[in-house]
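We name chains A, B, ... by the order of the sequence lines, and we start the count at 1 in each one.
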Amino acid sequence: MESQAKSRDYIEMELLLEAIYQMYGYDFRQYRKAHLKRRIEHRMALSGLESISTMIHKVLYDESFFKTLLFDFSINVTEMFRDPEFYKYVRESIIPRLKTYPFIKVWHAGCSTGEEVYSMAILFKEEGLLSRTQFYATDFNNNVIAKAAEGVFNMEKLRDYANNYKDSGGKESFSEYFSTGYDVAMIEKSLKENIVFADHNLVTDGVFGEMHLVVCRNVLIYFNRKLQNKVFKLFHDSLVPGGFLCLGSKESIVSIENDKLFTDMDIRLKVYKKAIL
Amino acid sequence: MKYEAMVVGVSAGGVEALNLLLPCLPAKLPIPVMVVLHIGRFSIEALISQLNKKSPVEIKEADSGEKILPGHVYFAPPNYHLLVECNKTFSLTVGELVKFSRPSIDILFESAADFYREKLIGIVLTGANSDGAQGMKTINKNGGYTIAQEPKTAVNGEMPGAAIALSTMNRIVPLQEIALFFSSLDKFVLTGNKS
C-alpha cells in the first residue's frame, strides 16, 4: 500500500505541473522531480495547504501565488568565479581562440543573479576582449534578471569572490571592479555596458544565433535526459562551428547522438566544442 | 527484502569513521549505500580512491541522473545536494545551504525516505552540527531503521546527539558496533534481525 500512497503524490505533482504549463506557459513537466517535490512541499507547509491538489486550485486562481511558486522552483545560488579552475581554463585555453574573431558573442543561459556573467566580463576586460564582445545573459525568472541587471552584490560575499578570482589566476585588484557602499558593492559601469539581460526559457524558447561561447552551468542537472538532449541541440544550433559550450562540473554530454554535435575540450571541466560537420 | 537502501550522514571526524566502516561492508552487498560527508567544496577524489583500495564494494561520487545500483557506495559530490528520484536515479542540486551545509544530510535522507519508505536504514555518525536530525526523524516516521553513533564515543557528539534528541533511534551504539553492523549488513537487510 505504501507504494500506492507514494505514487499518488507524483500523480498530483504531474497534474500541478500540467496546470502550470497550460495556464502560464512555464513548462516544468520534463524537470527531474525530487527537487521540485521538495520545493512544492516547502511551499505547502508555508502556505498551510494540505495537499498538492489544493495547490493546483490555488495556482489556477491566484496568479500571485503562482509567481511565488515559480520563484521557489528556480535555483538562484551562484557566486562570482564559481569553480575558479574553470575560469582559469577559459583564460588560458578558450580566450586565445576567441581572440581570432573580430567580434565575439557570448550567451550565459540561466544567468540567475548575474555573478557568473560579470565574472566573465571581468575576465574579458583583462584579456582586452570586452570592447568587441556582446554578452547575452538570460533566465526564465524575471526577478533575477532585474537583480542581475542592477549588478549590486552583498559586501560580505565579496571577499569569497576575491579569493575565487585569485584562484582563477586573476592578477588585478578585484575590489577595483566595484564601487562600494556601506554593505553593498556595485559592479563598475563599464562591465555592464556590453551585457544584454533578457527573459529566455530554455525549455520553450528558441535559438540564440551565431554565438562563439555558450555558458550554461548547473542548469541541466534539473532536467531529465530527454529535455537535456533537446537543450544540447538548441546550444548546438546557437553556436558558430567550432564555438564553445561550457557546462557545470556534474553535467556531461552523454548520449551517442549528442557526441556528434560536440567534441570534448576538457572532460573534467566540462568544456565542449561544436563539431564541424 | 526488508531493507532496500542505507543512507549515512557524517561530518567532523568523518574521514576516520568512514575508513573504519566502509572496508567492513560485505562483498556481496544487496543494497546501495549513499553517504553525505560534510566537506564543503573540497575534492573527495583522493578519499574515494583510498577507500576503494581497501573496500570490497565499488565506491564512487554520484552523478546526476545515475541509476542507483546495489553493491555500490555513492558519495554526494562536494558542493552539491544529493537527492533520490522516484525513478531510482540520483538528482543533484546547487540549492541553498541547509544547516550551513551543501551537501546536506537532511536533504538526502528526506528524499531517500520519501522513495524507500520503511525499507530504508539511516545512520548518523560523528559531527559538530545538527544536520541529519530532521532526516532521521523522517526515516523513523516512515518506519525505517535508524542508528546513531553513541555521542560520547564520537569525535564530535553533537550531530548524533541532535538526531537522538529529535526522534527515537532503533539503536544508539559506539562506532565499533556500527562496524559489526556493516559487516553483517547483507544478512540484516534480508530479515531485519541482528545475526
Considering only heavy atoms, which portion of [X] lies under 4.5 Å from any heavy atom of chain B: side chain, backbone, both, or neither?
{"X": "A/Ile75", "answer": "side chain"}
{"X": "A/Arg217", "answer": "neither"}
{"X": "A/Arg32", "answer": "both"}

Any ion pair linking A/Lys33 and B/Glu85 (charged N to carboxylate O, less than 4.0 Å)? no
Which one wins on heavy-atom pair count under 4.5 Å against chain A: B/Asp63, B/Val84, B/Val94, B/Thr89? B/Val94
Under 3.5 Å, is there a donor-acceptor pair between the [X] and [Y] side chains?
{"X": "B/Asn170", "Y": "B/Thr146", "value": "yes"}
{"X": "A/Asn164", "Y": "A/Tyr87", "value": "no"}
{"X": "B/Asn19", "Y": "B/Lys54", "value": "yes"}

Could you have a look at A/Asp83, A/Thr78, A/Val77, A/Asn224 and say which one has the most heavy-atom pairs with chain B under 4.5 angstrom?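 If we count pairs closer than 4.5 Å to chain B, A/Val77 comes out on top.
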Part of B/Ile107 lying under 4.5 Å from any heavy atom of chain A: both
Nearest heavy-atom contact between B/Ser111 and B/Leu83 is OG-CA, 3.4 Å
